[in-house]
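One is the number of the first residue; the rest follow in order along the sequence.
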Amino acid sequence: MDKIKSIEDLRKLREQAKAFLRTRQGEVKVKIYISMGTVGIAAGSRDVLLVILDELQKRNFTDVQIIERGSMGLDVEEPVVGVDRDGVVVYYGHVTPEMARQIVASHVINGQIISDWVIAKE
């Protein structure tokens, strides 16, 4: 996986993700929120986003929508990833790329929340 070095690289990644995930008009099974505000990016949100996209592609799981958000008001917990599944949004804090892979495998794919990393629920 290449590192993102410019805004143009990030735009290319977005277009690749859109092509992979196919924009859906109806309901999706899972929504993933990623904080991409200044603090989130400085804390590593871009790397987390790349890993999530990579893991979804490896597992061929396309019933998901990824939503890039600004700050979620949890700057001390950045990078923050939220998973909306079955009507419950669970937020994970201090997400590393390795944690992101496990979140995709456990929560996004199998619906099992990783309680030790949860910082908030809605």
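Shown are Gln57, Lys58, Arg59; of these, the side chain to side chain donor-acceptor pair (under 3.5 Å) with Glu55 is made only by Arg59.
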Exercise for review: Report the C-alpha separation of Glu8 and Arg11 in whole Å, then their side-chain angles, then the decisive distance to 0.1 Å, and conclude whether the salt bridge (charged side-chain N to carboxylate O under 4.0 Å, His left out) test is met.
Suggested key: CA-CA 5 Å; Glu8 194 57 39; Arg11 286 188 181 122; 3.8 Å; yes

Point to revise | Criterion salt bridge (charged side-chain N to carboxylate O under 4.0 Å, His left out) on Lys29 and Asp86, from CA distance to verdict | key: CA-CA 8 Å; Lys29 191 172 186 177; Asp86 302 324; over 6 Å; no

Practice item. Give the intermediate values and the outcome of side chain to side chain contact (heavy atoms under 4.5 Å, CB included) for residues Val81 and Ile32. Key: CA-CA 7 Å; Val81 172; Ile32 300 174; 3.9 Å; yes

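Remark: Glu78 CD to His94 NE2 distance equals 9.0 Å, nearest 0.5 Å. Taking CG from Asp9 and CZ from Arg14, the interatomic distance works out to 13.5 Å, rounded to the nearest 0.5 Å. Put simply, NZ on Lys31 and CD on Gln65 are 5.5 Å apart, with the number rounded to the nearest 0.5 Å. A distance of 6.0 Å separates CG of Leu56 from CD1 of Ile109, quoted to the nearest 0.5 Å. Going from atom CE of Met99 over to atom CH2 of Trp117 covers 5.0 Å, rounded to the nearest 0.5 Å. Distance check, rounded to the nearest 0.5 Å: CZ of Arg46 to NZ of Lys5 gives 13.0 Å.
Transitive grouping of hydrophobic side chains (ILVMFWY, heavy atoms separated by less than 4.5 Å) brings Leu74 and Ile67 into a common cluster. In terms of hydrophobic clustering, with Ile, Leu, Val, Met, Phe, Trp and Tyr side chains grouped at heavy-atom distances under 4.5 Å, Val95 and Met72 are assigned to different clusters. One hydrophobic cluster, built from ILVMFWY side chains closer than 4.5 Å, cannot hold both Val104 and Tyr91; they sit in different ones. No path of Ile, Leu, Val, Met, Phe, Trp and Tyr side chains, each step under 4.5 Å between heavy atoms, connects Ile52 with Tyr33, placing them in separate hydrophobic clusters. Linking Ile, Leu, Val, Met, Phe, Trp and Tyr residues whenever their side-chain heavy atoms come within less than 4.5 Å places Val30 and Ile114 in a single cluster.
In this structure Lys121 satisfies the side-chain contact (heavy atoms from CB on, under 4.5 Å) test together with Val90, Ile113, Val118, sequence neighbours excluded.
Asn110 contributes a side-chain N or O that, together with a main-chain N or O of Ala105, makes up a donor-acceptor pair within less than 3.5 Å. Under the 3.5 Å distance criterion, the side-chain polar atoms of Asp47 are left unmatched by any main-chain donor or acceptor of Pro97. Under a 3.5 Å cut-off, the side chain of Arg85 and the backbone N or O of Val108 do form a donor-acceptor pair. In terms of modelled atom types and a separation under 3.5 Å, the side chain of Ser35 and the main chain of Val80 share a donor-acceptor contact.
Of all the heavy atoms in Ile66 and Ile34, the pair that sits closest is CG2-CD1, 4.1 Å.
No side-chain donor-acceptor contact under 3.5 Å links His107 and Gln112.
Looking at heavy atoms from C-beta onward, Leu49 lies in side-chain contact with Met36 at the 4.5 angstrom threshold.
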